[in-house]
Structures are given as C-alpha cells and as structure tokens.
Amino acid sequence: MFCPSCGSNNVEDVKFCTRCGTNLDVVSNALRGRTTGALETDERTVTLLKDYYRSRRMLFIGAAASIISLFKLALLLVLGFPDKLMPLTVLLFGLLLFGLFALIWGITKWNNSSSEMKALGVSPTKRRGVADPRSQLRLQSRHSSAAVVSNTDPIAAPASVTE
C-alpha cells in the first residue's frame with residue numbers, strides 16, 4: 001500500500017507508514033468502504049441551529065417587509081389615500097402586519113436560540129471570507145523574492161514520490 005502523505009510503499013498489514021507515520025489502517029478501511037463508526041448527531045443542536053438560522057432569516061424578511069410597507073403607506077398618505085388605491089392600501093397594511101409579526105418572531109427566536117446555544121457551548125459556523133487575489137499576489141511576490149534555503153538532509157526533508 002502506498003502512503004497518501006509521502007508516497008512510500010508499505011507492506012499491506014502495516015498500520016502506520018514506516019516513513020512518515022500516517023495511519024494507514026484508516027486509509028485502507030476507507031479504500032475498502034468500511035467505516036470506523038457511525039456519525040452521531042445531536043438532535044438538540046441540530047434543532048437549535050435550524051431555529052437560529054430560520055429566525056435570523058425571518059428577522060431580515062420582517063424588517064424588509066415593514067420598511068417597504070411603511071414607505072409605500074407614507075406615499076399613499078401624501079397622496080391622500082385615493083379611492084382607486086384602496087385595495088393597495090389594504091394590501092400594504094397586511095404586509096405591514098406580516099412584517100411586524102415576522103420581525104418580532106425573528107428577534108425572539110433568534111435571541112432564545114442563540115442564548116441556548118451559548119449555554120450549551122455550541123456556536124454557529126463562521127463564514128470564511130475570500131481573500132483578495134491582489135493581496136495573495138503580493139504575498140507570493142514577497143515570498144518569491146526572498147532567498148530560498150534548501151535543506152539537503154534526507155531525513156529532515158521527505159523525498160518526492162518519484163525518488
């Protein structure tokens with residue numbers, strides 16, 4: 001069996017790579033399709049995370065609906081609520097009620113789920129920002145201009161797969 005880390009050829013019954021120490025038992029089980037154990041999901045954590053993200057989304061939807069309906073109702077107020085636009089006025093009042101309900105529900109559920117997750121020690125995953133490609137190019141140019149020191153010790157530097 002070839003080691004996925006260093007590429008050295010090992011005997012089939014060896015559990016660890018003789019060169020780099022990678023656990024080959026896990027690799028051989030994965031190649032054979034065996035699993036080491038079932039993943040356990042904590043249903044309470046899953047429910048809390050769903051509530052957290054659902055309530056956050058409802059908070060933003062409620063805020064947007066409330067702002068839009070208030071803006072449109074203010075325009076209708078300036079126009080003096082014409083009789084032709086009464087169905088639109090009723091629709092905008094309904095949108096305002098929905099927006100306020102969603103906003104209050106979202107704030108309440110988001111607060112409850114985030115405080116319960118904090119008490120359990122669970123945190124929602126943070127999004128990793130994509131780095132600016134220009135800054136990566138600057139970093140690469142700095143590294144390429146620096147003097148490269150090569151290590152010729154065969155024990156300290158792992159050999160390539162072709163060696």
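Numbers here are sequence positions counted from 1. What you see is a predicted model; the values in this text were computed from it and never measured.
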Quiz item: Are the side chains of Lys109 and Leu59 in touch, meaning some heavy atoms are under 4.5 Å apart?
Solution: no

Self-check item: Cluster overlap Trp110 with Leu120, hydrophobic side-chain contacts below 4.5 Å
Solution: yes

Exercise. Answer yes or no: is there a side-chain heavy-atom contact under 4.5 Å between Thr45 and Leu49?
Key: yes

Practice problem: Kindly indicate, with the supporting measurements, whether the criterion side chain to side chain contact (heavy atoms under 4.5 Å, CB included) is fulfilled by Phe98 and Ile61. | Solution: CA-CA 10 Å; Phe98 167 74; Ile61 290 171; 4.2 Å; yes

Quiz item: So, for Asn10 and Ser8, which heavy atoms are closest and what is the spacing to 0.1 Å?
Solution: ND2-O, 3.4 Å

Quiz item: Would you say Asp83 has more than 12 foreign heavy atoms packed within less than 6.0 Å of its CG?
Solution: no

Exercise. Give a yes or no answer on whether the side chain of Ser66 reaches the backbone of Ala63 with a donor-acceptor pair at less than 3.5 Å.
Key: no

Self-check item: 4.5 Å side-chain heavy-atom contact, Asp51 and Thr47
Solution: yes

Quiz item: Of the non-hydrogen atoms in Ser55 and Ser113, which two are nearest, and what is the gap between them?
Solution: OG-OG, 4.2 Å

Quiz prompt | Pairwise distance CG(Leu92) to CD1(Ile68) - rounded to 0.5 angstrom | solution = 10.0 Å

Exercise. Go through the steps to decide whether Leu73 and Leu77 satisfy the test side chain to side chain contact (heavy atoms under 4.5 Å, CB included), and finish with yes or no.
Key: CA-CA 6 Å; Leu73 284 171; Leu77 181 66; over 6 Å; no

Quiz item: Can you check side chain to side chain contact (heavy atoms under 4.5 Å, CB included) on Met58 and Phe101, steps first, answer last?
Solution: CA-CA 9 Å; Met58 284 304 288; Phe101 175 76; over 6 Å; no

Self-check item: Euclidean distance, Leu79 CG relative to Lys84 NZ, rounded to 0.5 Å
Solution: 10.5 Å

Quiz item: Is there side-chain contact between Thr89 and Phe81, with heavy atoms separated by less than 4.5 Å?
Solution: yes

Quiz item: Could you give the distance from CE (Met86) to CG (Leu76), rounded to the nearest 0.5 Å?
Solution: 8.5 Å

Practice problem: Count the heavy atoms belonging to other residues, nucleotides or ligands that lie under 6.0 Å from CZ of Phe93, then report whether that count exceeds 12. | Solution: no

Self-check item: Any Tyr52 side-chain heavy atom under 4.5 Å of Asn112 side chain
Solution: no

Practice problem: Examine Ile67 and Leu70 and state if one hydrophobic cluster contains both, with Ile, Leu, Val, Met, Phe, Trp and Tyr joined whenever side-chain heavy atoms are less than 4.5 Å apart. | Solution: no

Quiz item: Which distance, rounded to the nearest 0.5 Å, do you find between the CG of Leu95 and the CG of Leu100?
Solution: 9.5 Å

Quiz item: Is there a path of hydrophobic side-chain contacts, each under 4.5 Å between heavy atoms of I, L, V, M, F, W or Y residues, that connects Ile107 with Phe60?
Solution: yes

